[in-house]
Amino acid sequence: KAGVTQTPRYLIKTRGQQVTLSCSPISGHRSVSWYQQTPGQGLQFLFEYFSETQRNKGNFPGRFSGRQFSNSRSEMNVSTLELGDSALYLCASSAAGGYGANVLTFGAGSRLTVL
Amino acid sequence: DQQVKQNSPSLSVQEGRISILNCDYTNSMFDYFLWYKKYPAEGPTFLISISSIKDKNEDGRFTVFLNKSAKHLSLHIVPSQPGDSAVYFCAARGTGNQFYFGTGTSLTVIP
């Protein structure tokens, strides 16, 4: 069973640009969540999608957005990049359709560097 | 506001001894707790979990303890092995299937 796949793995952007990251969940998983990891901050929750609908949203500015497609693949977009957006962006999928999803399975992450 | 806290950024333990990683939380509505392990350049991998209705869960060398009154959980690794060296994150599930993570503890097991 293939794991969670994130692309690209590494990317470098400059301030003011925008970026789109992609995540393919485990087959059959309908919930996809995104997290930002920075040193000293742990994993900060960005948003969760289930059946193409954003179900939860963390405390991030509107520059951070996402979407989910009918095949459960998800993308997140960050517009007007700032230096502080440099981080590892992790995608995670979970199996249950309702609120019983107990375990998140993570991808390897997309390492974004903003210069 | 950090609802899940890991106050020890790092921990070093001799091989064969016990590793104890701690985690505190503030929200009494959390109903499920998990530990994840993360190696460099990889995503976190699920290690062990515990429901809020239990106080202990064991899986091989790994045991998680939950003290709801103290809002504290801990992960015990016995015996510790060099391959256990990684960053460990605790996480808690809140309402709406949202998970809250701690800042991580870097464990080094010394051979």
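Proteins come first, then strands; the chains are lettered A, B, ... in the order of their sequence lines, and each starts at number 1. Since we're looking at a predicted model, the values are computed, not measured. What you see below is based on every heavy atom in this structure, not just the backbone, and it leaves out hydrogens, waters and symmetry mates.
Residues A:Leu11 and A:Leu46 fall within the same hydrophobic cluster, defined by Ile, Leu, Val, Met, Phe, Trp and Tyr side chains chained together at heavy-atom separations under 4.5 Å. Under a hydrophobic-cluster definition in which Ile, Leu, Val, Met, Phe, Trp and Tyr are linked whenever side-chain heavy atoms come within less than 4.5 Å, directly or via other members, A:Leu88 and A:Phe60 are assigned to different clusters. If you chain together hydrophobic residues whose side chains sit under 4.5 Å apart, B:Leu11 and B:Leu73 fall into the same group. In this structure, A:Leu112 is a member of the same hydrophobic cluster as A:Phe47, with clusters built from ILVMFWY side-chain heavy atoms closer than 4.5 Å. At a threshold of 4.5 Å between side-chain heavy atoms, the hydrophobic network of Ile, Leu, Val, Met, Phe, Trp and Tyr places A:Tyr49 and A:Tyr35 in two separate groups.
Heavy-atom distances place the side chain of A:Leu90, and not its backbone, under 4.5 Å from chain B. Within the 4.5 angstrom heavy-atom criterion, no atom of A:Gln6 approaches chain B. Only the side chain of A:Arg9 has a heavy atom closer than 4.5 Å to any heavy atom of chain B.
Atom CZ in A:Phe45 sits 8.0 Å away from atom OH in B:Tyr100 (nearest 0.5 Å).
In this structure, A:Asn59 places its CG atom where only 12 or fewer heavy-atom neighbours from other residues, nucleotides or ligands lie under 6.0 Å away.
Contacts between residues 32-63 of chain B and chain A, counted as heavy-atom pairs separated by less than 4.5 Å, involve B:Tyr32, B:Leu34, B:Tyr36, B:Lys38, B:Ala41, B:Glu42, B:Gly43, B:Pro44, B:Phe46.
A:Leu104 is listed as a side-chain neighbour of B:Phe101, based on a closest heavy-atom distance under 4.5 Å.
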